[in-house]
Amino acid sequence: MELSSRYNPNEVEEKWYKHWESNNYFKSTPDDREPFTILIPPPNVTGVLHMGHMLNNTIQDVLIRKARLEGKNACWVPGTDHASIATEAKVVKKLRDEGIKKSDLSRDEFLNHAWEWTDNYGGIILQQLKKLGASPDWDRTVFTMDDVRYKSVIKVFVNLYKKGKLYRKNRMVNWDPKAKTVLSNEEVLYSEENSKLYYVRYRLENSDDYITIATTRPETILGDTAIAVHPEDERYAHLKGSRAIVPLIDKPIPIIFDNYVDKEFGTGALKITPAHDPNDYEIGEKHKLEIVNILNDDATISPAGQLYIGESRFNARKLIVSDLEEKEFLVKTEDLVHNVGRSERTNVLVEPRLSLQWYVDMKSLAAPALAAVENNEINFYPEKYKNTYRHWMTNIRDWCISRQLWWGQRIPAWYYNEDVFVAETEEEAFKLAQEKYGNGISRDDLKQDEDVLDTWFSSWLWPISVFDGFESREDLSYYYPTSVLVTGWDIIFLWVARMIMAGYEWENTFPFKDVYFTGMVRDKKRRKMSKSLGNSPDALKLIEDYGADGVRFGMLSCSPAGGDLLFDDKLVENGRNFSNKIWNAVRFIKGLKIDQSLETPAKNQLAQDWITSQLNKTILGLNDSFKTYRISEALMNLYTFIWNDFFSWFIELIKPEYGKPIDRGTYDFCIQLFETCCTLLHPFMPFITEEIWHQIKDRKEGEDCINSQYPEAGLIDDRLISDFNLLKSIVSNVRDIRNKNQMPPKEQIDVAFINNPEIDACMVRNGFREALLHKAYLKSFEGHETGEKIDGISFICGKTKFFAQIQKELDVEEEITKLEEELKYQQGFVVSVEKKLSNERFVNNAPEAVVEKERKKLSDGQARIDAITKLLEKLRKG
RNA sequence: GAGACUGUAGCUCAGUUGGUUUAGAGCAUUACCUUGACAGGGUAGGGGUCGGGGGUUCAAAUCCCUCCAGUCUCACCA
């Protein structure tokens, strides 16, 4: 069959993906093999594939395919996350676009819309993963809100409550006024932003004097219930017992004294708004101050604020500033840069707010989870994230898990007046209530908590819940603990740490053995790729343009564990070029005519022996790289082997003269080598390897690259490799000489050398001379006892001196200069070695092997100097 | 404010417990080649006093101290 001169990924990728699926290669059921399990970090159910997913899932696919080839029972579980807050926000927006307000809907009506949305758009992202070549067991697809996972969450909530590890408390929380829900500390992102510091004066009661405070939030003046100063601040000592009048609303408030106040900041006087600042709240509690909440749940001013009612907090600020200015309460305004927190999901400014929420007591959960990472029961790659993890775990704070949303698992708590009953079902809760209050209580008296649970409260159970582990042990006991988690370091607290805690809490062991942290995908300017910046390439378009293999190669070739991937089209271009290179190499070998009667030439045999050793060396290196998740390194080593060793050196060596046939032995060897390379490369580039696998041989049903056997490394002949390196080096030198003298690269020349044991050993090797003549286009390659009578441009490889006898007037001056430079370098080298060796302490203290190495370096160096000196003498004599 | 990490070629990074020439790879770059698998190719170069300065050692990119620069995490002062 005629092959196109270009590899066309689009034609083959879909074909093979279908083939794999219909042959059930991705499927896994427990058996007696060793399991290798990966759980996908579930993407948002309504999400669309972006670069981060592509990188993340490509790495998982590499690991899972490698395990599959190694004969393990590879199980990759796919799934999606209901992403409570993000999805609810999307549904709310969609409804608003249709003219429907969430507040006009009942809970059930809203949930119907949300499910409809999920059913329509959910799982698109999983379909997109297929384009990338991802090979999870699709039959195992799960969703954090499906029945099984829902039940797991409820069970766990009740279980924690019974263990006394859950509590409900009124405290200052992070409030997202857009989503109208509380957020956990981890869902708030802080950044420095420009803002203003307003100096506002408050008149003192029964006086014409003023006290001036500084604030960044003048709108909260409406909720002021005190002014605080430092007890030792002499400026304000005389104000003990006085009161100040809040501007505009003319409300008298006490002046209090508290160590919390920083005398140096602003005026040293601080307004206290207990309802809208965590520190103010604490001070308020301490001094028993009144709490005036002036904001609604959407951060508009409430009637309690008296002024600007219904205005947004930002408008209210503008209005109050201009009113304060007009009435001469505003003293001055300064620029200020300070840290503000924004909601991770909606990006709006987080509002501190006092409210009653559910919390998980994290201290007891954290202890075993911290220990597990500290003593390497769980390994982090790269290891540096252990520090981050330790720091967070040792300063862990309780986890706020309730959310004022509808999309999610509804909290299984029922209230009767002030009393709470936590149970898996309303039925049980009712029973509990009856036990306590007798039969007089009716079911309608119980009110279920309106809130749902944080999304992460379902995802932290992922390693257990995907196997329905809270209900059945069947799959769990086989697959758990999983092998490795591949995820971004940005969710180390939100997800990774909590999964570890859950693992120890309910399974008494780690949920995964290794964690591979991927970096963030950034653009060339190191900006994180994001939709809002518009700097993220369209993932599917990229696959279309460069092929899934090209994209996979591009991303993997440049993404060390934990390091960011600086994305550049160049990377995927390289991937595409590599595919094309492989394609054409196959095309070339397949296009050769085979002569059955031909003996394998000695040079071909040499080439085969050499590349076999080189291959084995590469396999060892790959195994090593995989062990520590150095995926880029593994791929690059394989790339170098295939392109440089196999294609550039091996194929060029065995290439018959144009139009001539090749011997059967070498041909078969080539096909075999291609086959091995397919298997080795398959985890990284699954499609092209499967295609070539089938191009090079007729295959039986079920004999596919995806389920081939991963090769073991055989013997490595180091001596052969080093001899071959000398050959390569001679060839390069000859090419360089041709290059520099503007000779056609294929013009044959004579090369002479001076005999010594090193080159002699190579020359007796069968095929060495033949290979050299072939590769370097030499007319002759002859040894001499001395260099006295040989002409030509000299060069040195190893310890041997060579002369390229080109048909060109030798520029003696140039040759001398070149040699002198070389001599200088060698002398410098020898001096440094001599210095080491003449140091008695070195000779006495260093291990014998090291000293021996230095001695060898010295003698080799001296031999080279000797050779160069003789050459120089000869040239100078003319 | 507390802590962690990083600094090696123009760019992205290797360099494994100090010891294979006076430091490597890929990409980029330069010169040359090119109608016979591949111009998405081939060949050969150039390019780094390993952030600066001290110290330990026979020996330091590698260990210690210090300074400089950058990144990140946590906590937060209105």
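The chains referred to below are lettered A, B, ... by the order of the sequence lines, with proteins before strands, and numbering in each begins at 1.
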Quiz item: Considering only side-chain heavy atoms of Trp392(A), which listed nucleotide, C74(B), G40(B), U43(B), is closest?
Solution: C74(B)
Please table the atom pairs, donor to acceptor, closer than 3.5 Å between any side-chain atom in residues 566-573 of chain A and protein atoms at least two apart or in another chain.
unit_1, atom_1, unit_2, atom_2, d
Asp568(A), OD1, Lys570(A), N, 3.0

Quiz item: Phosphate oxygens OP1/OP2 of G40(B): is one of them under 4.0 Å from a side-chain N or O of Arg576(A)?
Solution: no
Self-check item: C1' spacing across the pair G45(B) / G52(B), given as an integer number of angstrom
Solution: 32 Å
Are any protein N/O atoms closer than 3.5 Å to N/O atoms in nucleotides 56-65 of chain B? If there are, list each pair with its distance.
unit_1, atom_1, unit_2, atom_2, d
C58(B), O2', Asn839(A), ND2, 3.0

Practice problem: Look at all strands and tell whether Val261(A) reaches a base, only sugar-phosphate, or nothing, counting heavy atoms closer than 4.0 Å. | Solution: base
Quiz item: Do Asp258(A) and His230(A) have a side chain donor and acceptor closer than 3.5 Å?
Solution: no
Quiz item: Among G42(B), C72(B), C38(B), which is the nearest nucleotide to the side chain of Asn584(A)?
Solution: C38(B)
Practice problem: Could you work out the separation of U43(B) and A25(B) based on their P atoms and round it to a whole Å? | Solution: 15 Å
Polar pairs (N or O, both sides) under 3.5 Å between protein and nucleotides 4-14 of chain B?
unit_1, atom_1, unit_2, atom_2, d
A4(B), O3', Asn387(A), ND2, 3.1
A4(B), O2', Asn387(A), ND2, 3.3
U12(B), OP1, Arg526(A), NH2, 3.2

Exercise. Could you point out which residue of Val515(A), Asn376(A), Asn379(A) forms a side-chain contact (heavy atoms from CB on, under 4.5 Å) with Lys386(A)?
Key: Asn376(A)
Practice problem: With heavy atoms under 4.0 Å as the rule, sort Arg738(A) into base, sugar-phosphate or nothing. | Solution: nothing
Quiz prompt | Out of A75(B), U43(B), A37(B), whichever nucleotide has its closest atom nearest the side chain of Ser648(A) | solution = U43(B)
Exercise. In whole angstrom, give me the gap between the P atoms of U57(B) and C11(B).
Key: 37 Å
Self-check item: Residues in salt bridge (charged side-chain N to carboxylate O under 4.0 Å, His left out) contact with Arg719(A), at least two apart in sequence or another chain
Solution: Asp723(A)
Quiz item: Which part of the nucleic acid, if any, lies within reach of Glu652(A) when heavy atoms closer than 4.0 Å are counted: base, sugar-phosphate only, or nothing?
Solution: base
Self-check item: P spacing across the pair G51(B) / A69(B), given as an integer number of angstrom
Solution: 16 Å
Quiz prompt | Donor + acceptor pair across side chains of Asp645(A), Gln614(A) (<3.5 Å) | solution = yes
Self-check item: Flag for Thr273(A)-Lys271(A): side-chain donor and acceptor within less than 3.5 Å
Solution: yes
Quiz prompt | By salt bridge (charged side-chain N to carboxylate O under 4.0 Å, His left out) - contacts of Glu544(A) (at least two apart) | solution = none
Quiz prompt | Nearest-angstrom distance, P atom, G46(B) to A39(B) | solution = 28 Å
Quiz prompt | Gap in Å between the two C1' atoms, one belonging to A31(B) and one to G36(B), rounded | solution = 26 Å
Quiz prompt | Partner residues of Lys627(A) under the salt bridge (charged side-chain N to carboxylate O under 4.0 Å, His left out) criterion, sequence neighbours left out | solution = none
Self-check item: Rounded distance (Å) that lies between atom C1' of A44(B) and atom CG of Asn741(A)
Solution: 13 Å
Quiz prompt | Contact summary for Ile662(A) and Ile654(A), nearest pair of heavy atoms | solution = CD1-CD1, 3.9 Å
Quiz item: Taking the side chain of Phe493(A) as its heavy atoms from C-beta onward, which of U73(B), G40(B), A44(B) lies nearest to it?
Solution: U73(B)
Quiz item: With sequence neighbours excluded, what pairs up with Tyr202(A) under the side chain to side chain donor-acceptor pair (under 3.5 Å) test?
Solution: Asp224(A)
Quiz prompt | Under 4.0 Å protein heavy-atom contact, by nucleotide of nucleotides 25-31 of chain B - B base, S sugar-phosphate only | solution = -SSS---
Self-check item: Between U62(B) and G3(B) - C1' atom distance, rounded Å
Solution: 24 Å
Quiz prompt | Dot-bracket pairing map - RNA chain B, Watson-Crick plus G-U, both contacts under 3.5 Å, | cross-strand | solution = (((((((..((((.....[....)))).(((((.......))))).....(((((..]....))))))))))))....
Quiz prompt | Residue closer to the 5' end of RNA chain B, Phe588(A) versus Lys728(A) (nearest nucleotide) | solution = Phe588(A)
Practice problem: Write down the atom of Ser557(A), the atom of Ser632(A), and the distance for their closest heavy-atom approach. | Solution: C-OG, 3.9 Å
Quiz item: So what does Ser579(A) touch, heavy atoms closer than 4.0 Å: a base, only the sugar-phosphate, or nothing?
Solution: nothing
Quiz item: Counting side-chain heavy atoms from CB outward, which of A37(B), C76(B), C38(B) is closest to Tyr190(A)?
Solution: C76(B)
Quiz item: Does Ser5(A) make a side-chain N or O approach to OP1 or OP2 of A37(B) shorter than 4.0 Å?
Solution: no
Exercise. Check every atom of A37(B), G45(B), U43(B) against the side chain of Lys655(A) and return the nucleotide holding the closest atom.
Key: A37(B)
Exercise. Return the value, rounded to whole Å, for the distance between atom CG of Asn733(A) and atom C1' of A44(B).
Key: 10 Å
Quiz prompt | Touch class at under 4.0 angstrom, heavy-atom based, for Asn395(A) against every strand present | solution = nothing
Self-check item: Qualifying residues under side chain to side chain donor-acceptor pair (under 3.5 Å), relative to Asp335(A), sequence neighbours excluded
Solution: Lys196(A)
Practice problem: Could you tell me whether Lys775(A) contacts a base, only the sugar-phosphate backbone, or nothing, with contacts defined as non-hydrogen atoms closer than 4.0 Å? | Solution: nothing
Compile the donor-acceptor pairs under 3.5 Å between side chains in residues 487-495 of chain A and protein atoms, sequence neighbours left out, one pair per line.
unit_1, atom_1, unit_2, atom_2, d
Trp495(A), NE1, Ser459(A), O, 2.9

Exercise. Please check if any side-chain donor atom of Ser184(A) sits under 3.5 Å from a side-chain acceptor atom of Glu187(A), or the reverse.
Key: yes
Quiz item: Between Asp398(A) and Met362(A), is there a donor-acceptor pair closer than 3.5 Å when you use the side chain of the first and the backbone of the second?
Solution: yes
Self-check item: Spacing of the P atoms in A28(B) and C5(B) (rounded, Å)
Solution: 35 Å
Self-check item: With sequence neighbours excluded, residues passing salt bridge (charged side-chain N to carboxylate O under 4.0 Å, His left out) with Arg738(A)
Solution: none
Self-check item: Interatomic distance, Phe380(A) CZ vs C72(B) P [rounded to whole Å]
Solution: 20 Å
